[in-house]
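Worksheet: the structure to be examined is printed underneath.
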Amino acid sequence: MKQLRTFLAPAINQASLLLIASLPALALTAFGLYQLQVTSPGVWIYTLLMRGVVEFAFLGLCLSVLNALGLKNKWVLAILLYIYYLATTADFVLMWYFKERFGAKYLDTLQGGDYNFLTDWRILSYLILFLLFCIGSVRRWFTPQPRRAAWHQAGICALVLLLLTLVNPFVFLTKPNDFFARYLLPPSPVYTISQLMATPITAHVTNTLPTDVAATAEQYNVFNAKNTGIGKNYTRVILIASESLSAKYMHRFNPLIPAEASRGFDSLFENYPSTTLKTVTLSTLYGLTVIFSSHPFAKLTYENGYPLSFVKVLQAHGFHTAFLRGAHEDYMHENELFHQAGFEVVRGWNFFAEQPEYAKYLDWWGMLDRKLFEYAADYLKEHQKEKTFLTLLTVDTHVPLGRADYLDLNYEEIDSQFYDVPTMPRAFARTGQDLTYFLQLLKQKNLLDARTLILVTGDHPSYSNTPTNKLFKPYRDVFDRIPFAIITVPALKKPLVTDTLASQLDVAPTVLDLMNLPQPKGFFGHSLFEANAARSVFDIKEDYAVVTTENGRQVFPLNSRRPADKKLIDLMRTYWVD
């Protein structure tokens, strides 16, 4: 025992600082368990204990190595700790808004974002308090060590981390708790760096389906989309992707939302075929890619030039295809990517900045939704003599709080709490009014007729409820689903499926079913008019996948070596093209 105390003494000397410095990571882990819907108290306690050990050892290793290398200035160490906390904060924010950790995928989204929120006094207060916390902690509890003692401490911490890397401490937990606990274990910088260094999965584009993949596809009933006979000869097709649209903002699904606040969206469910969809993506590019391709692996889809896309099918059948958005069209190179998906025209901020009548309405993330709808109506009028497919991506409902300034535009005000200040509920109330306005515009221009097909949905859901938590209690699973409605004149009588496994994967087959056009054999989804189809939902995260069927849910890492998981991974990376 005496020898053990002697061996651990150098690490114990820094214990107070390391314990205090580990607290933000424990808060992140607790919040992650909550977001991932882990409910077992035993799992919570054990996971927090393990994360505390890992964070203590990791920070101890970093601190002792810096100390051993001669860096003992408390001010410099405090700044380095602060930078570390910024990475943890980013991880926390992404868990808040997307229920995913800070990973390589979101590093790509940093360019072009709106960072004016950093000037908010609450954000500045948070950043200053954390900086003071770092300075106070280091100055109070850091004790410089001789080089030999510092290397000794580094060795102890490295040994602990090595043991936890080699031995899975969560092996006895039930699935999927074992996976989620391990997923939350690495420190934030380690997690992000590991994603950047991971061997990427490659796409398998083929016109001949391998036997083993075919067997898995049959088991999960994919590559089997069919037309149902609902199709008609539509020559004007409009897909409206409302930014962050979620069922929780509609009175129909959430009685705490005032009826007058969601009248524009609720009326669609009252008058037209409609349903809600399970989402399989957490960002705009990913969501739209899945919608266009009916393939769950969005990253592989756009990196390989969209081997599958219903937009290309429409284009091949003589449709003029255009993508209009309020935000920058070149954000994340989406102008180039959506061209590859089959859009002949892609227009956004850069284009509207050169149009005097629209340039003055460019603000925040992009052009105001109402003005985008006005331009879209004019665009459709200009192309009314040719078959046209138009996708509209709105922006006023972008997280975290929706648009704050609507410039000189007027809206029907909602007399209810949270609707007199910038919030997501207020933003959706106004976008709903803009949607109603757009439909009226189409009628006025004789563009809403028997040849017109309009689909209304969202690109991805909005998970964060700050600062309107009161409106979403008790929380229901349907709140995380996105609405989907089909507008025609007259309204179709055949209903859409209400299957809980209906998902974004089903949008592309539904569009082609409505158009009575052939279904690509590589689609993962099914028409939402096909009531008896057995559906499988493939939700691919940054480094793991969730596969859900009527028989249950499987969660596994994308580098899994289990034979059953590898079969699913092979299926998810396969693009079966004609």
Side-chain angles (χ1 to χ4, degrees), residues 98-100 105-106 108-109 201 203 205 217 220-225 239-246 275-314 323 325 332 334 337-338 340-343 389 391-393 455-463 480-484 499 501-513 519-520 522-528 533 535-542 544-548 558 568-569 571-577:
F98 301 110
K99 296 190 178 182
E100 257 188 59
K105 176 169 66 178
Y106 294 107
D108 295 333
T109 68
I201 294 177
V205 182
Y220 288 87
N221 196 32
V222 302
F223 300 159
N224 191 27
L239 172 64
I240 301 173
S242 184
E243 170 69 33
S244 305
L245 179 61
S246 307
T275 189
T276 61
L277 304 178
K278 188 175 179 64
T279 57
V280 297
T281 57
L282 298 172
S283 60
T284 297
L285 174 58
Y286 283 60
L288 292 176
T289 294
V290 169
I291 286 173
F292 296 150
S293 68
S294 187
H295 195 287
F297 219 132
K299 189 172 188 288
L300 290 186
T301 299
Y302 68 72
E303 285 182 345
N304 287 273
Y306 291 83
L308 297 165
S309 169
F310 83 78
V311 186
K312 288 182 177 180
V313 176
L314 295 182
F323 187 102
R325 66 189 305 174
M332 291 185 69
E334 288 174 356
L337 295 175
F338 292 149
Q340 295 174 20
F343 288 99
F389 171 62
T391 290
L392 298 177
L393 177 62
L455 307 107
V456 179
T457 189
D459 55 350
H460 58 78
S462 168
Y463 289 123
D480 291 337
R481 297 175 70 89
I482 59 174
F484 181 82
D499 190 336
L501 295 180
S503 75
Q504 288 177 305
L505 293 166
D506 297 324
V507 175
T510 303
V511 174
L512 296 184
D513 188 15
Q519 301 278 357
F523 278 177
F524 273 64
H526 301 269
S527 170
L528 290 166
R535 288 175 161 80
S536 300
V537 181
F538 297 80
D539 187 356
I540 300 177
K541 309 291 188 182
E542 174 69 7
Y544 70 96
V546 182
V547 179
T548 309
L558 293 178
L568 279 169
I569 294 168
L571 174 63
M572 293 186 299
R573 74 183 191 92
T574 296
Y575 291 82
W576 190 19
V577 297

*Got a sec, which residues hit salt bridge (charged side-chain N to carboxylate O under 4.0 Å, His left out) with Lys541, two or more places apart in sequence or on another chain?*
Asp539
*Between Gly525 and Ser294, which heavy-atom pair has the shortest distance, and what is it?*
N-OG, 2.9 Å
*Taking side-chain hydrogen bond (donor to acceptor under 3.5 Å, both in side chains) as the test, write out the residues that go with Tyr220, two or more places apart.*
Gln554
_Distance-minimising heavy-atom pair for Val290 and Ala298_ = CG2-CB, 4.1 Å
*For residues Ala545 and Leu558, report the shortest heavy-atom separation together with the two atoms involved.*
CB-CD2, 3.9 Å
*Straight-line distance of Ser246 OG to Arg481 CZ, nearest 0.5 Å*: 12.0 Å
*With sequence neighbours excluded, tell me which residues meet salt bridge (charged side-chain N to carboxylate O under 4.0 Å, His left out) with Arg325.*
Glu334
_Checking Phe223 now: which residues fulfil ring-ring contact (aromatic ring centres under 6.0 Å, His included) with it, not counting sequence neighbours?_
Phe524, Trp576
*Might you work through the side-chain contact (heavy atoms from CB on, under 4.5 Å) test for Ile201 and Ile569, ending with a clear yes or no?*
CA-CA 9 Å; Ile201 294 177; Ile569 294 168; 4.1 Å; yes
*asked:* Can you pull out every salt bridge (charged side-chain N to carboxylate O under 4.0 Å, His left out) where at least one residue sits in residues 501-511? Sequence neighbours excluded, please.
replied: Asp506-Arg535
*Going by heavy atoms in the side chains, are Phe338 and Leu285 under 4.5 Å from each other?*
yes
*asked:* With rounding to the nearest 0.5 angstrom, report the CG to OG distance, Leu505 to Ser293.
replied: 8.0 Å
*State, with a plain yes or no, whether a side-chain heavy atom of Leu512 is found less than 4.5 Å away from one of Pro520.*
yes
_Nearest 0.5 angstrom please: Ser536 OG to Leu571 CG, how far?_
9.0 Å
_Contact check, side chains of Thr279 and Leu277, non-hydrogen atoms, under 4.5 Å_ = no
*Could you tell me which non-hydrogen atom of Val311 sits nearest to which non-hydrogen atom of Ala341, and how far apart they are?*
CB-O, 3.4 Å
*Those residues that, when tested against Thr301, pass side-chain hydrogen bond (donor to acceptor under 3.5 Å, both in side chains) (two or more places apart)*: Tyr575
*Euclidean distance, Leu300 CG relative to Arg573 CZ, rounded to 0.5 Å*: 9.0 Å
_Restricting to ring-ring contact (aromatic ring centres under 6.0 Å, His included), what partner residues turn up for Phe343, sequence neighbours left out?_
Phe292, Phe323, Phe389
*Side-chain contact test, heavy atoms from C-beta onward, threshold under 4.5 Å: evaluate it for Ile291 versus Leu239 and give yes or no.*
yes
*At what distance, to the nearest 0.5 angstrom, does CG of Leu528 lie from CG of Asp499?*
9.5 Å
*Not counting sequence neighbours, which residues clear side chain to side chain contact (heavy atoms under 4.5 Å, CB included) with Lys312? List them please.*
Tyr306, Ser309
*Can you tell me how far OG1 of Thr289 sits from CG of Leu308, rounded to the nearest 0.5 angstrom?*
12.0 Å
_Taking every non-hydrogen atom, the tightest pair across Gln504 and Val280_ = OE1-N, 3.0 Å
*For Glu542, enumerate each residue passing the salt bridge (charged side-chain N to carboxylate O under 4.0 Å, His left out) test, keeping only those at least two apart in sequence or located in another chain.*
none
*Report the residues that fulfil side-chain hydrogen bond (donor to acceptor under 3.5 Å, both in side chains) with Asp459, sequence neighbours left out, ordered by chain and then residue number.*
Thr284
*Only counting residues at least two apart or in another chain, list the ones meeting side-chain hydrogen bond (donor to acceptor under 3.5 Å, both in side chains) with Ser527.*
Asp513
*Check the pair Ile540, Tyr286 against side-chain contact (heavy atoms from CB on, under 4.5 Å), reporting the backbone distance first and the verdict last.*
CA-CA 10 Å; Ile540 300 177; Tyr286 283 60; over 6 Å; no
*ring-ring contact (aromatic ring centres under 6.0 Å, His included) against Phe98, all qualifying residues, sequence neighbours excluded*: Tyr106
*Considering all heavy atoms, the nearest Thr510-His526 contact*: OG1-O, 4.1 Å
